[in-house]
Amino acid sequence: MALPRSIARFNRVVTNQVSRHVATILPGFAVVEHRGRKSGTAYRTPVNVFVVDGRYRFALTYGARSDWVRNVVAAGGCTIETRRRTVTLTDPRIVTDSTHAWAPVGVRTVLGAIAANQYLECSPA
């Protein structure tokens, strides 16, 4: 059970507007650049990102049905801006892992508490 959609809506309108300015600089954060599946509109979504075994992982705290996730999967990849560099990602796939063993301890605790058992994993191009 991921976080409720009401929190996602609030974050999209309020929190994302602020965090998008620092997410490209801070470790553990990124801005995902993706295009709408139907509209073709360009979007920039701030997210948490982790590099595990050379692949990029995004904890899906709102679930795999989030628009940005569906856009990335439909497009077959995306671009992220993280730590002041741009990385092109391909081969997106949704993975389920209720152990959260791949995540740092603090993140693992939060993911377990909210039962966010899915993540998006991509390979660098």
Asks: Do you know the tightest heavy-atom contact between Ser123 and Asp91?
Replies: OG-OD2, 4.0 Å
Asks: Would you say the side chain of Arg70 lies within less than 4.5 Å of the side chain of Val73, judging by non-hydrogen atoms?
Replies: no
Asks: Which residue pairs pass the ring-ring contact (aromatic ring centres under 6.0 Å, His included) test when at least one of the two sits in residues 101-125, sequence neighbours left out?
Replies: Phe50-Trp102, Trp102-Tyr119
Asks: To the nearest 0.5 Å, what is the distance between CD1 (Ile25) and CZ (Arg83)?
Replies: 11.0 Å
Asks: Is there a path of hydrophobic side-chain contacts, each under 4.5 Å between heavy atoms, that joins Tyr62 and Tyr43?
Replies: no
Asks: Report the C-alpha distance between Thr82 and Thr24 in whole Å, list the side-chain angles of each, state the deciding distance to 0.1 Å, and finish with yes or no for side chain to side chain contact (heavy atoms under 4.5 Å, CB included).
Replies: CA-CA 5 Å; Thr82 182; Thr24 60; over 6 Å; no
Asks: Does the gap between the ring centers of Trp68 and Phe58 come in under 6.0 Å?
Replies: yes
Asks: Please say yes or no: joined through hydrophobic side-chain contacts below 4.5 Å, possibly via intermediate residues, are Leu111 and Val52 part of one cluster?
Replies: yes
Asks: Honestly curious: do Val51 and Leu60 fall in one hydrophobic cluster under the side-chain, below-4.5 Å linking rule?
Replies: yes
Asks: Write down the atom of Ala23, the atom of Pro46, and the distance for their closest heavy-atom approach.
Replies: CB-CB, 4.0 Å
Asks: Considering all heavy atoms of both residues, which atom of Arg55 and which atom of Pro124 are nearest to each other, and what is their separation?
Replies: CA-CD, 4.5 Å
Asks: May I ask you to test the Leu120-Val72 pair for a side-chain heavy-atom distance under 4.5 Å?
Replies: yes
Asks: Working to the nearest 0.5 Å, report the span between CZ of Arg93 and SG of Cys122.
Replies: 9.5 Å
Asks: Where do Phe29 and Val47 land on the side chain to side chain contact (heavy atoms under 4.5 Å, CB included) test, with the steps shown first?
Replies: CA-CA 6 Å; Phe29 291 90; Val47 295; over 6 Å; no
Asks: Taking atom CG of Asp67 and atom OG of Ser39, what is their separation to the nearest 0.5 Å?
Replies: 9.5 Å
Asks: Could you grab the distance from atom CD1 of Ile94 to atom CZ of Arg65, nearest 0.5 Å is fine?
Replies: 10.5 Å
Asks: Between Leu89 and Val87, is the side chain to side chain contact (heavy atoms under 4.5 Å, CB included) condition met? List the steps.
Replies: CA-CA 6 Å; Leu89 301 176; Val87 181; 3.7 Å; yes
Asks: For Arg108 and Ala103, indicate whether the former's side chain and the latter's backbone hold a donor-acceptor pair under 3.5 Å.
Replies: yes
Asks: Return the OG1 to CG distance between Thr61 and Asn48, rounded to the nearest 0.5 Å.
Replies: 7.5 Å
Asks: Asn117 and His100: side-chain donor and acceptor closer than 3.5 Å?
Replies: yes
Asks: Within this structure, what is the SG-NE2 distance for the pair Cys78 and His34, rounded to the nearest 0.5 Å?
Replies: 8.0 Å
